[in-house]
Number of protein chains: 4
Amino acid sequence: MTDQHVPSSIKDPGLVEKRRNQMIKGAVSLFIEKGFHKTTTREIAKASGFSIGTLYEYIRTKEDVLFLVCDSIYERVKVRMEQAFDADTKTIDSLIHAVTSYFQLMDDMQDEVVVMYQEVKSLSREAQEYVLQKEKDMVAMLVGVIRNSIPGTTSEQDITLIANNIFVQGQMWGFRRWMLQKEFTLEAYTERQIHFLLEGLNINRKSIINDGRMS
Amino acid sequence: MTDQHVPSSIKDPGLVEKRRNQMIKGAVSLFIEKGFHKTTTREIAKASGFSIGTLYEYIRTKEDVLFLVCDSIYERVKVRMEQAFDADTKTIDSLIHAVTSYFQLMDDMQDEVVVMYQEVKSLSREAQEYVLQKEKDMVAMLVGVIRNSIPGTTSEQDITLIANNIFVQGQMWGFRRWMLQKEFTLEAYTERQIHFLLEGLNINRKSIINDGRMS
Amino acid sequence: MTDQHVPSSIKDPGLVEKRRNQMIKGAVSLFIEKGFHKTTTREIAKASGFSIGTLYEYIRTKEDVLFLVCDSIYERVKVRMEQAFDADTKTIDSLIHAVTSYFQLMDDMQDEVVVMYQEVKSLSREAQEYVLQKEKDMVAMLVGVIRNSIPGTTSEQDITLIANNIFVQGQMWGFRRWMLQKEFTLEAYTERQIHFLLEGLNINRKSIINDGRMS
Amino acid sequence: MTDQHVPSSIKDPGLVEKRRNQMIKGAVSLFIEKGFHKTTTREIAKASGFSIGTLYEYIRTKEDVLFLVCDSIYERVKVRMEQAFDADTKTIDSLIHAVTSYFQLMDDMQDEVVVMYQEVKSLSREAQEYVLQKEKDMVAMLVGVIRNSIPGTTSEQDITLIANNIFVQGQMWGFRRWMLQKEFTLEAYTERQIHFLLEGLNINRKSIINDGRMS
DNA sequence: CATGAATGAGACTTCATTCAT
DNA sequence: GATGAATGAAGTCTCATTCAT
C-alpha cells in the first residue's frame, strides 16, 4: 500500500509503490553497508535503478527515504509477528511458539533491524513518534500472548516487563551477534532463553522439544 | 590519562588531557542533543571553550572526537563497574548488589550510553574493535560475578547468556525509557528483574531487602 | 492572431491561439504573484489547465512564455491606446483626452505593466528589440497626438520629451503606487499632471472639466 | 559601515566591510551584465576575488548579496544627494542646482540604478520595505528642496507630485537611454526638463545658465 | 600555543525539457 | 493531440580541515 505519509509528484499509485519498493530495497542495503548519513542521494538513486531526478519525484527529502525504509522494516516485522502470534490456544506452547518465531524473525532480519534502530533517531520528531507507535503495537502483541499463556496470577507490570525482555532479547541476537552468534546457534539461544523465561515464571514446562518452528 | 590512540600536536600531556576533557564534556552534550553527524566541529569547539583552530591542535579528525567521547564513556562506566563489583564475597548477595549497582549506573548515565551505542558505528573499524574490547571486558566482569555467586552446576554458556541479558537489561532501561520509565521506578525495575533472574536460576533468594545501594 | 514568432508543433492555428491564450492568462497571474524566475513551467501548465507535455507542444522554451506574455500585454495596451487616440480633432482637448485615457489604461493594467517592465530584460536580445519596437510605436502615437494638439512652435525634441514624460508618468502610477495611490485618486493625479503639462507648455487651458472618460 | 542587517560569521568588522565591498563591486557588474537570477554564487565569488566558501562566510544567502548591492547603491545615491542638496539658499537656483546634480548622479550611476530597480522585487518583503524607506527618504529630500525654493502658494500634494516627477525623470534618463540618450545630451535633457518644470510652476526664471555643476 | 579566515569538495535539491505511450 | 514519468545539468549552501599570523 502506498505510504500516504510521504507525498509524491507521481500520480499513478501503483507506480509509486513499485518505485518506492525499488528505492527501499536499494536504500536498505546501502544503509546497512555505510549508514544513512554516509549514503548520498545519488547512491540511493543508482541503487534503486533510476536517476536522481526520478528519485525526487517519489520523495521530497532524503529523510523521506529513511522514513520509508524504517516504516517498511517495521511493517514487515509486524506482519510476520501477526502471522506467528495468531494462535488461539491459550497454552504455554503458544508462548514458546511466539518467542521462537520472533527470534527466528529477528535472525532473518537482523541487518534491517540493527540499521533501523541505529538510524531512527535521524527522523523528525513526528516521524519518530509514528514509528514508535508501531513499536508499542508490537510489544502489545507480545503482552497479549504472554497474558494468554501464563497463570493469571502474574501482575500486568510483570507481564510488561517480560514482554520487553523478550523483545529486547530478540534484538540483542542481532545487535550482539559478535558475541552471541559465536557462542550459540539460534536454536540453542532460543532454547536457553525460553528455559530461563519459563523458570523465571516458575512454569514446569513439560517439554520444549515439540515447539513448532514457524513458517 | 592522555589517550595515546589519538595523536596531538601539543607536547604538554597535561594540557592535552585538560583540553580533551573540555572537549569531551562539550561534545557529549551536543551529541546527546543532536547526534554526531548533525554536530559541527565549530560547535564542538565553541562548546569546549576554544577556537576551531585549537580544537584541531588536539585531534586529527572529527571522528577522533567521537572516539574520545565513546572511549571516555566506556571508561567511566567501566570504572564504576569495577568499584561496584569488587566484592570478594561469593554469595548471591554480591550478584544482587552488582546488578543493582549496574542498573543504577545505567540510570545515571543513560544519555551517554544511549548516544554511545547510537554513534559507535560511525567509528572506523579499528576504533570500533578497540571499544568492543571494553564491552567484552565489562561483560567478563559480569560473568565473573555470576560465576562466583551461583551454584557451580550452571554451564559457562548459560552464564554468558545471563551476563548478556543483565547487560542488555541495564541498557534497555535507558533505550526504552519512553516505555519502562513510565511504568517502573528504577527500584521496582531492579527488583523485578532480579526476581526473574533468580527465579530463572531456581535460586531461593531469602531476601532482596538488604541489597546495598552503590555509591 | 497566432504569434508567428513562436513556433508550435500543433498544426491547427485556432487551437494554438486558444491554448496560448489560456497559457498567457495563467502565466500573467503567476508572474504577477511571484515573478518569472520563481514560476516553474509546471505551475504555468497547471494554471493554464493542461499538462506540462501539452505546454511544450505550444512553445519551445520557458522564455517563449515570457515573450508571449509581454507581447500580449504590449498588444493590449497598444490596442487600447489606438482606440483612445483616434480623435481627429486637433485641439488641446484631444491631448487631454489622450492623457486621461492613457492614465486610465495604466491604472487598469498596472499589474501587467509592472510585471512586463520587470521581466522584459529576461528575454533574448532579439525578443527585447521586438518588443522595444512596440514601445517606440506607442511613444510615436503620443508624439502624434501632442504634435497635433499644441501650437506649432514647439520643437520636435520638446515634443519627444513631453511624450516620454507622459509615458513615464502613466507607468509611475503603477510602479510608485505605494506612494502615489496613497496621496491621489486617479482623477486627481490625472488632473494635476495635465495641469502641469499644460502650464509647462504655456497653454491657457479653458477648462479641464469636459475631458472625456474613455471607454 | 558594516551592514548590521546581514550577519556574518567573520568577527573582524573591518574585514567584513572590506570583503563585502569587494563582493558588491563584483556582484554589481555581474548583475548589470546578466541579472541577478542568471548570476551564480560561484560567479559572484570569483568576481569578488575569493572562493565560494569565503563568500558564504560573509553572507547567509544569495539574496543577501542582492540586498547588500541594493543597499549600497541606495546609500551611494543618498549620500550624493545629500551633498548636492545641502544648499541653504531658498532661491529657485537651489532647485535648479538640485535637479541638475540629481540628473548628473542618475547619469553617473545609471547602470546601478537600472539594475537595482529591476531586481529589488527579488528581495524578501522585509528587505523590500527596508530599501523602500530609503526611497521615501530621497523623495522627502526632493520635497524639502522644492518647498524651500518655490512660492508658498503651492499645495503639499503638488509638491509631492513634482518631487515624484523629478525623481522619475532622473531614473528614466537611464531606463529609457535607448531613446533619450540618442536625442539629448545630458545637459540638453536637464535644461529642457527644468524648463518645463519651471514653466509648469509659472516661475519666470531669469537664467538657467549659472546653475552649478555638482561635485 | 591559540586563533579564525580561507578553502573547495561535495551534499542535497530543483526544474526545464524530452519522449514513449 | 495530450499526458506525465523520466532525466541530469546545474544551482545553492555546508562544513571539515588547513595555515598564516
Side-chain angles (χ1 to χ4, degrees), chain A residues 8-12 15-16 18-19 37-45 49-65, chain B residues 8-12 15-16 19 37-46 49-65, chain C residues 8-12 15-16 19 37-46 49-65, chain D residues 8-12 15-16 18-19 37-45 49-65:
Chain A
S8 163
S9 6
I10 299 309
K11 297 182 178 178
D12 177 359
L15 192 53
V16 171
K18 178 182 160 197
R19 292 275 179 266
H37 283 102
K38 288 193 189 146
T39 301
T40 70
T41 51
R42 282 218 225 296
E43 287 171 325
I44 295 170
F50 35 69
S51 71
I52 183 68
T54 300
L55 179 71
Y56 274 90
E57 294 288 318
Y58 294 90
I59 52 161
R60 290 162 309 177
T61 265
K62 189 188 176 191
E63 203 202 285
D64 279 348
V65 180
Chain B
S8 161
S9 4
I10 302 307
K11 303 300 168 202
D12 178 357
L15 190 53
V16 171
R19 291 272 181 268
H37 282 103
K38 287 193 190 148
T39 301
T40 69
T41 51
R42 279 157 153 83
E43 288 170 324
I44 295 169
K46 176 178 253 186
F50 36 72
S51 72
I52 182 69
T54 301
L55 181 72
Y56 273 87
E57 296 289 323
Y58 294 91
I59 52 159
R60 289 161 310 175
T61 72
K62 189 187 173 190
E63 203 202 285
D64 280 348
V65 180
Chain C
S8 161
S9 6
I10 302 306
K11 303 299 169 203
D12 178 356
L15 189 53
V16 172
R19 291 273 180 266
H37 282 102
K38 288 190 189 149
T39 302
T40 68
T41 51
R42 276 156 152 85
E43 288 170 324
I44 295 170
K46 175 177 253 184
F50 36 71
S51 72
I52 183 68
T54 301
L55 181 72
Y56 272 86
E57 296 290 323
Y58 294 92
I59 53 159
R60 290 161 309 175
T61 70
K62 188 186 175 191
E63 203 202 285
D64 280 348
V65 180
Chain D
S8 162
S9 7
I10 300 309
K11 298 183 176 175
D12 177 359
L15 191 55
V16 172
K18 179 182 160 196
R19 292 274 179 268
H37 282 103
K38 287 192 189 147
T39 301
T40 69
T41 50
R42 281 214 229 295
E43 287 170 327
I44 295 170
F50 34 70
S51 70
I52 183 68
T54 300
L55 179 72
Y56 274 90
E57 294 287 320
Y58 293 92
I59 53 162
R60 290 162 307 177
T61 266
K62 189 187 175 191
E63 204 202 283
D64 280 347
V65 180

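Scope of the values below: all heavy atoms of this structure, side chains included, with no hydrogens, waters or symmetry mates. Protein chains get the first letters and strands the later ones, always in sequence-line order, with residue 1 at the start of each.
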Subject >> Partners meeting side-chain contact (heavy atoms from CB on, under 4.5 Å) with A/S51 (sequence neighbours left out) >> reply: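 For A/S51 the side-chain contact (heavy atoms from CB on, under 4.5 Å) partners, ignoring immediate neighbours, are A/T54.
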Original post:
Residues in side-chain contact (heavy atoms from CB on, under 4.5 Å) with A/E57, at least two apart?
Top reply: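 A/E57 satisfies side-chain contact (heavy atoms from CB on, under 4.5 Å) with A/S9, A/I10, C/R42 once adjacent residues are dropped.
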Original post:
Does a side-chain heavy-atom distance below 4.5 Å link B/L55 with B/I59?
Top reply: yes
Subject >> Heavy-atom side-chain proximity of A/L15 to A/Y58 below 4.5 angstrom >> reply: yes
Original post:
Dot-bracket for DNA chain E, 5' to 3', with Watson-Crick and G-U pairs under 3.5 Å, [ ] for crossing pairs and | for other-strand pairs: what is it?
Top reply: .||||||||||||||||||||
Please give, in whole Å, the distance from [N] [atom2] to [X] [atom1]?
| X | N | atom1 | atom2 | answer |
| --- | --- | --- | --- | --- |
| B/K46 | F/dC15 | NZ | P | 14 Å |
| D/K11 | E/dA5 | NZ | C1' | 11 Å |
| A/D12 | F/dG4 | CG | P | 11 Å |

Subject >> Per-nucleotide protein contact string for nucleotides 6-13 of chain F, where B marks a base within reach and S marks sugar-phosphate only (heavy atoms under 4.0 Å, - for neither) >> reply: BBBBBSBB
Subject >> Residues which pass side chain to side chain donor-acceptor pair (under 3.5 Å) with B/T61, listed by chain and number, not counting sequence neighbours >> reply: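 Side chain to side chain donor-acceptor pair (under 3.5 Å) check on B/T61 returns nothing, list empty.
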**OP:** Could you list the residues that satisfy side chain to side chain donor-acceptor pair (under 3.5 Å) with B/E63, not counting sequence neighbours?
**Re:** none
**OP:** Kindly give the heavy-atom pair with the smallest separation between A/D64 and A/R60, and that separation in Å.
**Re:** OD2-N, 2.9 Å
Subject >> N/O donor-acceptor pair under 3.5 Å between C/K46 side chain and C/T41 backbone >> reply: no
